[in-house]
Amino acid sequence: MFADSLVDRLAEHPAQRMRFVARDRTTLVKTYGEIHDDAVRLMSELRDSGLGPGDLVGVLGPNSYEWILADLALLALGCVPVAIPAENRHEPAEIGAFVERYRLAALLVTRPLPGGAGLPAATAVLTERPVKLGPARHDDVPALPPGVRTIAFSSGTAGTQKGLMITDDGIANTVELSARAWRVTTDDDILIVMPYSNFQQRYLTYLAIWTGCAATVVPPEIMFQALKVVEPTIILGPPSFFEVLYNRVMAAGPADRMDKGRGWLSMYGSRVRLMYTGSAPVPPAMVTLFQELGAPLYEIYGSTEIGWIAMNVPGAARAGTAGRPVDGVTVELGDGGEVVVRAGRPQVAGYVYEGVGTQDAVFLPDGRIVTGDLGVLEDGFLRLTGRENNVIITRSGVKINPAGLEAGVERAFPGVRAMVALPDGAALLACVVWLDDPGRAAEVEAHITRMNADHEPSHRIATTLVRPAEELTVESGLLTRNFKIDRGAVRRTVWTGEDR
C-alpha cells in the first residue's frame with residue numbers, strides 16, 4: 001500500500017533533507033536516511049508497546065519532527081493515525097479525554113506538557129524515548145471501511161468539524177497527480193507552514209518523500225522572516241500568505257509598482273517557481289498583480305473529501321478562476337450553481353466520529369460528492385462564487401450570496417484584511433470589517449454607502465462594524481487552523497458581543 005511504503009521510500013533518497021524551523025529560528029535538519037532510521041526505531045518501540053495493524057492512534061501537538069516521524073511510523077506499522085486538531089488544548093485532563101472520545105488504542109503527544117504533569121498509561125510524549133505505552137482497549141472502536149489509512153478533521157468553518165476517513169488510494173492519487181501537474185523534481189523544496197493536523201500539510205510531506213525532493217517546515221508566525229533563508233521552490237497557502245505583498249504594492253505609488261519588478265517578490269525567496277493559493281476567496285486582482293510582477297501565483301481548488309478538484313497550471317491558467325478540473329474529476333453544477341464532483345479516486349471514504357449525520361447529503365448514492373461551494377463554468381474553467389451554507393435567506397425569501405458583497409469591499413481597500421456580511425434582523429444586512437489601519441474606518445463606511453446605491457434594497461448593508469486586523473488569529477478563534485474566517489465564531493463573539 002502507498003502509505004505503508006513511505007518509510008521505505010525515504011531510503012531511496014538518503015541524502016535528501018527535511019528542515020524544521022522553530023519560532024526562535026533555530027533549525028533542525030534531518031536527512032531522509034536519518035528519518036528512515038528514526039522511524040524504524042520508533043516502529044519497534046510502538047510494536048513492543050502492543051500496537052499493530054488497524055489500531056487507532058492519536059497524534060497531538062504543534063508541527064515538529066516528532067509529529068511527522070510518528071505519522072510515518074504509524075502508517076508503516078499499519079496503524080491508523082488520528083490527527084487531533086491543532087486547536088485542541090493540551091491540558092493533561094483533556095489529553096486523557098481524547099483517548100476515550102475517539103476510542104484510541106494510544107495517543108502520542110509531540111511535546112512535554114506544562115508543569116511536567118503525568119499522562120494516562122495509553123499516552124506518551126514523543127520527546128521522552130523510548131516510548132512506553134499501556135495501550136487502551138475499547139469495545140466500541142469505530143469500524144472503518146477497507147483502505148482507510150488515516151483520520152483527519154475538517155477545520156469547521158461553519159462551526160462543526162467532521163472526521164474524515166482518508167483512504168490509501170486517495171492519498172496515492174493526490175500525490176501522483178500533484179507530482180505530474182507540478183513537475184516535481186529532486187531539486188524542489190516544498191514549504192510546509194500550516195498545522196500537520198491539516199491533512200494537506202501531511203500530504204505535501206508525503207509528496208516530498210515520494211518524489212525525493214526536500215521539504216521545509218516553518219511556523220506561520222515567522223514565515224516571512226524565514227523565507228529568504230529557507231528558499232523554497234513550491235509554496236501553497238491561503239490568500240493571506242500573498243495579500244501581504246499585494247497590500248504593500250498597492251500602497252506604493254503607481255510609478256513604483258512595476259519599477260521594482262521581482263524585487264517585490266524577494267520576500268518569498270529567490271527560488272520560488274510555483275505558488276498556489278485557495279481554501280478561501282481569492283481576489284482576482286491579487287493574482288493578476290502577482291503575474292504582472294512575474295510571480296508564478298495560481299489559484300487551486302480542492303477538498304479533503306475529494307483531493308484536488310481543479311487547478312491552474314503554467315500555460316493553462318485564467319486569473320479569477322480555480323482552473324480546469326484535474327484528471328479523473330468531472331465537475332457538474334447543481335441547483336443554484338452548487339459544485340458537484342465525480343471523482344474516480346476520491347480521497348475520503350466517508351465520515352467518522354463527527355459529521356456522520358451529514359454524510360448522505362455529501363456522498364450521494366450515485367457516486368457524486370457535493371462540495372457545498374457555488375460556482376460557474378467558463379470555457380472549461382471553474383470560477384467559485386461562494387459557499388452554499390453562507391447564503392443568507394431573508395424573511396421574504398430573497399437569497400443573498402455574501403461573497404459578492406465582501407469582494408466589493410476587499411477589492412476596493414487593500415487595507416481590508418477581511419469582511420464578513422451577515423443578517424441583522426429579519427430583512428437587514430450587516431458586516432464586520434477588519435482593517436490594518438482602523439483610522440480608515442470612515443473611508444470604508446463611505447464606500448459601503450456608495451456600494452449600497454448600486455444594489456437592490458435587500459442587498460444593502462445597513463450596519464458596519466470595524467475591527468482591528470490584529471484580532472484575526474487562530475488563537476482568538478476567529479480563524480480556523482487553515483486561516484479561514486470562522487463565521488460561526490464571528491457571530492458568537494464579535495457581532496453579538498458587548499462591543500457591538
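What you see below is based on every heavy atom in this structure, not just the backbone, and it leaves out hydrogens, waters and symmetry mates.
Between L126 and R111 there is no side-chain heavy-atom pair separated by less than 4.5 Å. By the 4.5 Å heavy-atom criterion applied to side chains, F199 and F153 are not counted as neighbours.
Residues passing the side chain to side chain contact (heavy atoms under 4.5 Å, CB included) test with P314, sequence neighbours excluded: L274, Y298. Residues passing the side chain to side chain contact (heavy atoms under 4.5 Å, CB included) test with S240 are P238, E243, F483, sequence neighbours excluded. In this view, A316 and V313, R324 satisfy the side chain to side chain contact (heavy atoms under 4.5 Å, CB included) rule, not counting sequence neighbours.
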D4 and R149: CA distance, side-chain angles, deciding distance, salt bridge (charged side-chain N to carboxylate O under 4.0 Å, His left out) verdict: CA-CA 9 Å; D4 300 30; R149 294 302 293 112; 2.9 Å; yes

Please report the C-alpha distance between D55 and R137 in whole Å, then the side-chain angles of each, then the deciding distance to 0.1 Å, and finally whether the side-chain contact (heavy atoms from CB on, under 4.5 Å) criterion is met. CA-CA 10 Å; D55 282 336; R137 297 300 173 192; 3.4 Å; yes

Step by step, would you call Y65 with D38 a side chain to side chain donor-acceptor pair (under 3.5 Å)? CA-CA 10 Å; Y65 177 53; D38 287 349; 2.7 Å; yes

Pair Y206, D71 - check side-chain contact (heavy atoms from CB on, under 4.5 Å), show working. CA-CA 10 Å; Y206 305 159; D71 186 48; 2.4 Å; yes

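Under 4.0 Å is where a charged nitrogen must lie from a carboxylate oxygen, and between K132 and D48 no such pair does. Ion pairing between a basic and an acidic side chain is recognised when a charged N comes within 4.0 Å of a carboxylate O; E354 and K162 show no such pairing.
Between the side chain of T167 and the backbone N or O of G147, no donor-acceptor pair lies under 3.5 Å. Between the side chain of E12 and the main chain of G212, no donor-acceptor pair closer than 3.5 Å is present. A donor-acceptor contact shorter than 3.5 Å is absent between the side chain of D188 and the backbone of T233. Between the side chain of T110 and the backbone N or O of E66 there is no donor-acceptor pair closer than 3.5 Å. Side-chain N or O atoms of S5 include none that pairs as donor or acceptor with a backbone N or O of D8 at under 3.5 Å. A donor-acceptor contact shorter than 3.5 Å is absent between the side chain of D168 and the backbone of M1.
Ring pair F363/Y351 is perpendicular by interplanar angle, where above 60° counts as perpendicular and below 30° as parallel.
Summarising the local packing, CZ of R183 is surrounded by 12 or fewer heavy atoms from other residues, nucleotides or ligands at distances under 6.0 Å. Atom CG of D140 sits in a crowded spot, with more than 12 heavy atoms from other residues, nucleotides or ligands closer than 6.0 Å.
Annotation: Y246 is not in aromatic contact with F290 [ring centroid separation under 6.0 Å not met].
Here the CG atom belonging to L382 is positioned 8.0 Å from the CD1 atom belonging to I309, to the nearest 0.5 angstrom.
Within the cation-pi definition used here (under 6.0 Å to the ring centroid, within 45° of the axis), R417 does not qualify as a partner of W434.
Remark: of the listed residues T304, T174, D169, T174 is the sole one forming a side-chain hydrogen bond (donor to acceptor under 3.5 Å, both in side chains) with Q347.
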